[in-house]
Structures are given as structure tokens and as C-alpha cells.
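A short worksheet on the structure shown next.
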Amino acid sequence: MAAPKKGRSASAQSKPGRSLALILIAIVGLTAGMFASGHTTPRLGIDLAGGTSITLKAKSDQGSAINKANMDTAVEIMNRRVNGLGVSEAEVQTQGSDNIIVNIPKGTNSEKAREQVGTTAKLYFRPVLAQEATGAAVTASPSASATGSSSASPSPSASASGTGEKATSSSSPSASATSQGRAVTDALKADATPSASASASAGSSASPSASTSGGAVTADDAALQAKYAALDCSKESVRATAGEGVKPGDTTVACGEIDKVWYKYLLGPAAVDGTEVDKAQAVYDTQTAAGWQVTMDFNKSGAKKFATITGQLAQNTQPQNEFGIVLDGNVVSSPYVSSSITGGQAQISGSFTQEEAQGLANMLSYGALPLSFQEQSVTTVTAALGGDQLHAGLLAGAIGLLLVVIYLVAYYRGLALIALASLLVSAALTYVLMALLGPAIGFALNLPAVCGAIVAIGITADSFIVYFERVRDEIREGRTLRPAVERAWPRARRTILVSDFVSFLAAAVLFIVTVGKVQGFAFTLGLTTVLDVVVVFFFTKPLMTLIARRKFFASGHKWSGLDPKSLGAQPPLRRTRRPGGPAAGPVETKEA
């Protein structure tokens, strides 16, 4: 008979120090990387560090379907918007089929973020048919002037001019002499298209019921006239619903605030869509002292449409020579033009603060959301509350670890030292990896993740218990400690791998099918399960091989946890002689 191959087994038994050195080198290397990166603590989630969590529900009132593609696009745009505010650790993710969760950590303007993330940012350029101040009188003041491809100001008397042409100036309309210029019915009868023949008279009546130049007025026009006449933009409830449900091709009413006075507008169909704005940015005008402005660059089709509409408006008199820049139903600017503006560039100016200009440019640059969203809930977590939760989580983990230690010491005695050392190594690897994964992949340690780490204590201890019990079974069969350690390992290894595979599979499925904070629990559980395999293979097993050579454990001391007498060991296995043949070796059970 051929001799059994013992080389591999002997090598594994004689050089356990290599495995221990390998895992210790890995710990030292990862720790050095952690200090080198400057991230020595895990990044905490909102529920632990404090911040704001916003839940948004999608609505399909813009003609777009609520599907995965539109939801993913909305998440991408919201991510860019929030990061545009300087929030580097915000989280935007879908929840279910029609909800989006936005988690914004402390240190940012949560109110500004709330305004930006769910705003649809629908921008249209509409010709102004009529305008009138509501709620207060407007005093006359000189109009602003600017040069460039276009200039826009949130004043009704602002001006816009073509490249190289100086803007003209005029006076703001007063409440008694409205800027409507002609009857609203006349504007509607013209199908909301600016006409050069439309005349303006400062003394004409602003009433929608004023006489027309002829022709019939449809029922829809009459309804719009009545809506415009009754519109009071000084009331917030009225402003919120002024242009609700209006399509780009419809004539509509809208509100806009100018120098703390609210104006109502009658606007024609959209001439240019905001999606045709290629780029927008906030700049400070140092040449004309106009302050902060928002510059816009149109794409090819947008530049052509913008040149066409400004050319038409330039032929009219005020206010039909103005175009309203309408953002989400609100008029943010209504400049007038004196000539066609070409070149594909425009500026929006007029008493902007830096924050306002940057906010508007941010929304225009990152595009419009494909869906509108309704704010469902806003949860603000203070840093103090987060600290209390973290303290409670760590306390629960410490109590759980203490109970595990008490059990190991009471039941396994000396073997508990190996279990404790393995737990410490596992804890060190988990902490270092969490600290490194924060800046690497954006992992944040939230309260469910802490719960996952606590559950991992039991999973790791379970692996040690499986191995220890296999070793003790071998001793019960009459074997000494050194062969018992090696014979128990193959069977224990299979059980540990199967158990950890099931735990990892459950964590992976939970991570895939859930969203939000539950993913933190699943990720931590999966990470600690993988580390359990690493620690058992490269630390616990080699350490058991080393302590089997120590007299305290090898002799079966009663405090070692491996006392053959207390374990009820059978008499030592002896060699048996086959009839008429040489002595046979000890009978060994084969692995299944």
C-alpha cells in the first residue's frame, strides 16, 4: 500500500506563524492607510451625526410616466443639485416605485436644499400680454440698462438689447396707469402672438372687459380674462395655484415679485423652453455695477427661437415688447427688448444676492426634473439626538459582547482566550475598514449598521463554538489535543463556510431589495460575515495549532476547557492486530 500523503498537512501544522503574520501585517497596513487618509473614524449617518431627511413622492401631472427611468433621472439631477450646494455627503435614493429619500448631513442650509431638490425648475420664455401691480402702488423709477447679448431684470421697465447696442431707459408703470397698454381681450383675440400693430395707451383702462378692436372672444378667453381680473398676487395661496396645470402652449396667468411688490401677468404661449438653455452660471458684473447676474447660453435651437421672439417683441410697445422668464409658474424677470437678440446668450439681473443667483443658476444648469414631486415628510435629527443614539447602540454592543465573554469563560475556560483574541482582531478589521470605506464608497455608519455589527458578534462567536466543539468531540473519542485540533478542522471548516454563506446570502438579498437605512444593516452584516471567515481561517485556526503545543492545554488542565475527564473521554485508541497480519493503525472515521 502507498503511504498516505502527509506533506501538506504537516506543512500546515508546522507553520501556523505565517498565517498569523499575514493577518497582522494586513491589520497594520490598513491602519496605516487609515491614518494616512486622515479618516480615522467611520463616517456617521444622519441618524447619528444629525442632519435632515426629506421624503418626496412623485406625481405624474406633467405628462411623464412614473417609471424607473424617470425616477433614476430625477435622482441623478437631485444629486447634482444638492452637491452644487456644497454638500459632499448627501444621499439621494429611490424608495419603492414613487418615493425619493434625500438625506442631507449637518453643516448645510437645509431650507435651501429643500427648495432645490424637489423643484421641477420648468423654465419658459413667454411673451407678456398684460401686467399689473397688485396689493400696493408702484412708484416711478428709472429703468435699468445693460449691454451684451441680453439683459434681463426683474423690473417691468427693465431693458434688453442686442450685442453692442446700448439699452434704452423708461419709467416704471404706476398702479393707476397700468402697463397692460390695451384691453386684455384684444391680446387674447390676437391668439397671444405679439403684433407690431398693437398699440399702447397709458391712460387706457386695465379692465379685462374693455372693448376690443373687433372679433369674437371665445369662452376660454373669457374665463382667462375673469381669472386675470380676479388674480391677487399679494396672497400666497393665490400665487401657489396661479399657473397650475398649464401646458407650454397655453396662454396663462402668473405672478412675479418686484421690489417687494407683487405683479400679475397675462402671458402668451412659451416661445423658448428652459431645456434649450445649455449652460447657466452666476457672475458678478463689475463693469456696470449691476451686481450678481445669471448668464445663460442657449443651444442652437434655443438661440434661433430666442432671436425670433425678441425680434417680434421689439416691434411692439410696452408691455407687449416684454418677455416673461417664468420659472415653475413664477415670473422671475420681465425685460423689454428693442431689437432682435442674437448670439445665443442672455443675462438675468436685478437685485440678486449671491446665494439667490447661484441657486437659480444651479437649477437651470442641472436641468428640469422629469416628474414633479410632493414633499411627504421632513425629519430633522440634531447632533445631540444622534449622539444619544450612538451611545445607546455602543452600550448595547458592549452589553452583548460582555454576555458572550461571560458565556465563553464559564463554558470554555482557557479556550475563551482564543475566542476573545479572535473577536478583538475581527473588531479591529471591521473598524478600520469602515473608516476607509467612508471616503472610498460613501459608506455611512447609521443606527441599523450598528445593529448589524452587534449581530455580527454572535455570528463570529458561533464560528468559534463550532470549531471548539469539534475539537472537544475528538478528545472525547480518546485523541490527544494536537491530532484533535487538526482532525476537527476539516469538519468545522465546512460547517463554518456553509453557515457564513447563508448569512452573507441573506445580507446580499436584503441589500439588493431594500433601500435607505436598512441597506446599512445589510452591508455591515455582509462585511462582518466575510471578515469572520478571514479571522477563523487566518487567525483562530493557526492560534489553536500553536496553543495545542503548550503544556497547559495539551495536558488537559481542568481550567483549559479541554480536560478529557470532564469531557467524558473514552480510553485512548490502541492499535489492533489483524489475524495473521501486521499491526493495523488506529481506526479513523472518514469524512462524508
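Small disclaimer: the values here were computed from a predicted structure and weren't measured.
In this structure, Ala130 and Pro319 approach most closely via the heavy-atom pair CA-CG, 4.4 Å. Residues Val261 and Ala133 come closest through the heavy atom pair CG1-CB, 4.2 Å. Taking every heavy atom of both residues into account, Cys255 and Leu231 meet most closely at SG-CD2, 4.1 Å. Minimum interatomic distance between Cys233 and Thr134 (heavy atoms only, all atoms of both residues): N-OG1, 3.3 Å. Nearest heavy atom pair, residue Leu510 against residue Phe521, reads CD2-CD2, 3.6 Å. Of all heavy-atom pairs spanning Gly520 and Asn446, the tightest one is CA-OD1, 4.0 Å.
Residues Ser301 and Asn299 bring a donor and an acceptor atom of their side chains to less than 3.5 Å of each other. Counting only N and O atoms by type, the side chains of Asn103 and Ser53 include a donor and acceptor under 3.5 Å apart. One side chain, Thr55 or Ser377, offers a donor N or O that lies under 3.5 Å from an acceptor on the other.
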Start with the C-alpha gap between Met434 and Leu445, add the side-chain angles, then the distance that decides, and say whether side-chain contact (heavy atoms from CB on, under 4.5 Å) holds. CA-CA 8 Å; Met434 284 183 176; Leu445 184 65; 3.9 Å; yes
Val283 vs Trp292, test: side-chain contact (heavy atoms from CB on, under 4.5 Å). Steps then yes/no. CA-CA 6 Å; Val283 297; Trp292 283 96; 5.5 Å; no
Walk me through it: do Glu375 and Ile54 pass the test side-chain contact (heavy atoms from CB on, under 4.5 Å)? CA-CA 7 Å; Glu375 194 175 89; Ile54 306 170; 4.1 Å; yes
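Ring planes of Phe443 and Phe523: tilted class, angle from 30 to 60°.
Summarising the local packing, CZ of Phe504 is surrounded by 12 or fewer heavy atoms from other residues, nucleotides or ligands at distances under 6.0 Å. Other residues, nucleotides and ligands place no more than 12 heavy atoms under 6.0 Å from the NZ atom of Lys304.
Looking at Asp250, its side chain does come within 3.5 Å of a backbone N or O of Lys247 through a donor-acceptor pair. With hydrogens and angles ignored, the 3.5 Å screen pairs no side-chain donor or acceptor of Gln376 with any backbone N or O of Leu56. Using a distance-only test at 3.5 Å, with no hydrogens or angles considered, no donor-acceptor pair links the side chain of Lys264 to the main chain of Ala254. Checked by atom type and distance alone, the side chain of Thr528 pairs as donor or acceptor with a backbone atom of Leu525 at under 3.5 Å. A distance-only check finds no donor-acceptor pair linking the side chain of Asp273 to the backbone of Glu276 [under 3.5 Å]. In this structure, the side chain of Gln519 engages the main chain of Phe511 through a donor-acceptor pair within 3.5 Å. With Asp232 contributing its side chain and Val238 its backbone, the two residues share no donor-acceptor pair below 3.5 Å.
In this structure the side chain of Val128 reaches within 4.5 angstrom of the side chain of Gln131, judged on heavy atoms. Using a 4.5 Å cut-off on side-chain heavy atoms (C-beta onward), Gln312 and Ile309 make contact. Using a 4.5 Å heavy-atom threshold, the side chains of Val272 and Phe298 count as touching. Here the side chains of Met78 and Val102 are in contact, with some heavy-atom distance below 4.5 Å. When side chains are defined from C-beta on, Gln93 does not count as touching Val75, because their heavy atoms never get closer than 4.5 Å. Between Ile325 and Phe125 the shortest side-chain heavy-atom distance falls below 4.5 Å. With contacts defined as side-chain heavy-atom distances shorter than 4.5 Å, the pair Lys235/Trp262 does not qualify.
Rounding to the nearest 0.5 Å gives a distance of 9.5 Å between OH of Tyr228 and CG of Leu129. If you take CG on Leu313 and CD on Gln320, they are separated by 9.5 Å, rounding to the nearest 0.5 Å. In this structure, the separation between CE on Met34 and CG on Leu433 is 10.5 Å, given to the nearest 0.5 Å. Atom-to-atom distance recorded for Thr529:OG1 and Asp500:CG is 6.0 Å, nearest 0.5 angstrom. Between the CG atom of Asp98 and the CG atom of Asn67 there is a distance of 12.0 Å, given to the nearest 0.5 Å. Between the CG atom in Asn99 and the CD atom in Gln374 there is a gap of 10.5 Å [rounded to 0.5 Å].
Of the options Leu266, Leu267, Thr251, a side-chain contact (heavy atoms from CB on, under 4.5 Å) to Arg126 is made by Leu267 and by none of the others.
The aromatic ring centres of Phe323 and Tyr124 sit 6.0 Å or more apart.
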